[in-house]
**Student:** 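Please read through the structure below; I'll follow up with questions.
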Amino acid sequence: LCHQIQLETGILACVVCFDSLKSPASIRLLMENFDQAFRKNMQLMDFQAEAGAGSSCVGLDNVHLSYQEAFGQLRHRLYYSQVSDDLSPDNNDYSAGTADSDVLYLISQLKEVFRLMNGNEKMAWEKAASLQKLNMIPACRELYNCVVECFVAARIPLEGMPFTAEWMGEQEVRSQEELNRFLQETLKYYCEMVKKNRYQHLERAISYLKENYSDSNLSLGSVSTQVGLSTAYLSTIFTEDYGQSFSEYLREYRIKQACDLLTATSMTVAEIGFQTGFNSANSFIRVFKKFTGKTPGSYREEHRKPIA
């Protein structure tokens with residue numbers, strides 16, 4: 001959903017809204033397509049136009065921060081689009097280009113820290129320590145916006161952040177010590193929330209699996225859709241936490257349920273195979289023997305319980 005707002009003559013703001021369940025990757029792809037479509041259409045116009053884009057944010061209360069970032073980027077692009085060819089990078093008037101490169105480097109390093117926090121916490125903290133040795137003062141606003149964007153991408157509530165937008169807006173520049181503390185405490189909170197979210201996602205995935213294991217169409221894809229994660233990410237955290245793949249866990253759980261039914265009911269082997277989510281009786285017997293070393297019939301004879 002895209003809202004267009006005419007701010008003043010010659011300036012048009014577009015607020016693009018996404019469903020809260022849409023993945024960060026799909027949002028980035030849509031925005032890249034949006035930017036490409038904009039630039040392609042501008043080539044067909046009889047006037048020149050330029051655009052700036054702000055970071056993603058949660059809620060209308062934070063839209064102004066994204067707008068400020070987009071407007072600043074737009075002003076920068078318009079300014080340098082008018083720089084003549086005879087101005088060299090050595091000219092003092094062009095020093096902003098170098099500063100912008102430094103800011104972009106800091107942002108890229110910070111994004112890498114957040115990426116590592118999702119799988120290699122030790123390396124993430126090592127990289128964060130290296131980042132804190134750099135001069136972050138010129139990029140304090142951009143660093144804060146980057147943190148917000150990473151929180152949004154990971155679906156971590158901004159309300160719990162150790163530092164608020166008001167803190168960043170209280171003064172134009174923060175000291176290196178303050179920025180180091182900001183980075184340290186923010187990353188600590190992010191790490192705690194990632195672990196908490198990870199546990200909750202796995203708990204929901206296991207719960208859904210146990211409720212629907214009898215469905216032969218149950219798959220990693222259907223479960224990941226249900227819990228709102230990408231298939232690749234759910235597969236990774238599942239294997240890391242349970243020491244086996246999703247498919248192995250599902251087959252093992254189905255066999256355990258089949259064992260209970262074999263010993264406590266008079267259902268036929270074929271019926272039990274169907275009730276536990278196998279596509280055919282032959283498939284059920286083959287997988288059952290692989291896990292238990294016995295056929296379903298032999299297992300029943302050895303473990304049969306008196307049926308009332």
**Student:** What's the shortest heavy-atom distance between Y249 and K210, and which atoms?
**Tutor:** OH-CE, 3.9 Å
**Student:** If I take atom CZ from residue R198 and atom CD from residue E240, how far apart are they, to the nearest 0.5 angstrom?
**Tutor:** 4.5 Å
**Student:** Is M267 atom CE crowded by more than 12 heavy atoms from other residues, nucleotides or ligands, each under 6.0 Å away?
**Tutor:** yes
**Student:** Testing the basics here: between F246 and S219, what is the closest heavy-atom pair and its distance to 0.1 Å?
**Tutor:** CE2-C, 3.5 Å
**Student:** How long is the straight-line distance from CG of L209 back to CG of L202, given to the nearest 0.5 Å?
**Tutor:** 11.5 Å
**Student:** Can you confirm whether Y199 is buried at OH, in the sense that more than 12 heavy atoms of other residues, nucleotides or ligands lie under 6.0 Å from that atom?
**Tutor:** no
**Student:** Any donor-acceptor pair under 3.5 Å linking the side-chain atoms of S283 with those of S280?
**Tutor:** no
**Student:** Around atom CZ of F274, are there more than 12 heavy atoms of other residues, nucleotides or ligands at under 6.0 Å?
**Tutor:** no
**Student:** Locate the shortest heavy-atom distance separating L261 from R300; write the atom from each residue and the value.
**Tutor:** O-NH2, 3.8 Å
**Student:** At their closest point, which heavy atom of L116 faces which heavy atom of K127, and how far apart are they?
**Tutor:** CD1-CD, 4.0 Å
**Student:** Kindly compute the distance separating CG (L134) from CG (L179), expressed to the nearest 0.5 Å.
**Tutor:** 12.0 Å
**Student:** Under the salt bridge (Lys or Arg N to Asp or Glu O under 4.0 Å) rule, what do E185 and R181 come out as? Steps first, then yes or no, please.
**Tutor:** CA-CA 6 Å; E185 295 186 20; R181 186 167 61 89; 3.7 Å; yes
**Student:** I'd like to know whether S108 forms a side-chain contact (heavy atoms from CB on, under 4.5 Å) with L104, so could you lay out the CA-CA distance, the side-chain angles of the two residues, the decisive distance to 0.1 Å, and finally the verdict.
**Tutor:** CA-CA 6 Å; S108 68; L104 290 174; over 6 Å; no
**Student:** Is it true that a side-chain atom of Q257 and a backbone atom of T276 form a donor plus acceptor pair closer than 3.5 Å?
**Tutor:** no
**Student:** Relative to the ring of F284, is the ring of F278 parallel (under 30°), tilted (30 to 60°) or perpendicular (over 60°)?
**Tutor:** tilted
**Student:** Between S207 and E203 (side chain of the first, backbone of the second, donor and acceptor by atom type, cut-off under 3.5 Å), is there such a pair?
**Tutor:** no
**Student:** Measuring from atom SG of C146 to atom CD of E142, what distance do you get when rounded to the nearest 0.5 angstrom?
**Tutor:** 10.0 Å
**Student:** For A128 and L183, work out which heavy atoms get closest and say how close.
**Tutor:** O-CD2, 4.3 Å
**Student:** Test salt bridge (Lys or Arg N to Asp or Glu O under 4.0 Å) on R251 and E248; report intermediate values, then the result.
**Tutor:** CA-CA 5 Å; R251 281 194 294 268; E248 291 170 340; 5.2 Å; no
**Student:** If you apply the rule side-chain contact (heavy atoms from CB on, under 4.5 Å), what do you find for M117 with L187, and how did you get there?
**Tutor:** CA-CA 8 Å; M117 275 293 178; L187 288 174; 4.2 Å; yes
**Student:** Do you know the tightest heavy-atom contact between A205 and L234?
**Tutor:** CB-CD1, 4.2 Å
**Student:** Between the main-chain N or O of Q132 and the side-chain N or O of Q176, is there a donor-acceptor pair closer than 3.5 Å?
**Tutor:** yes
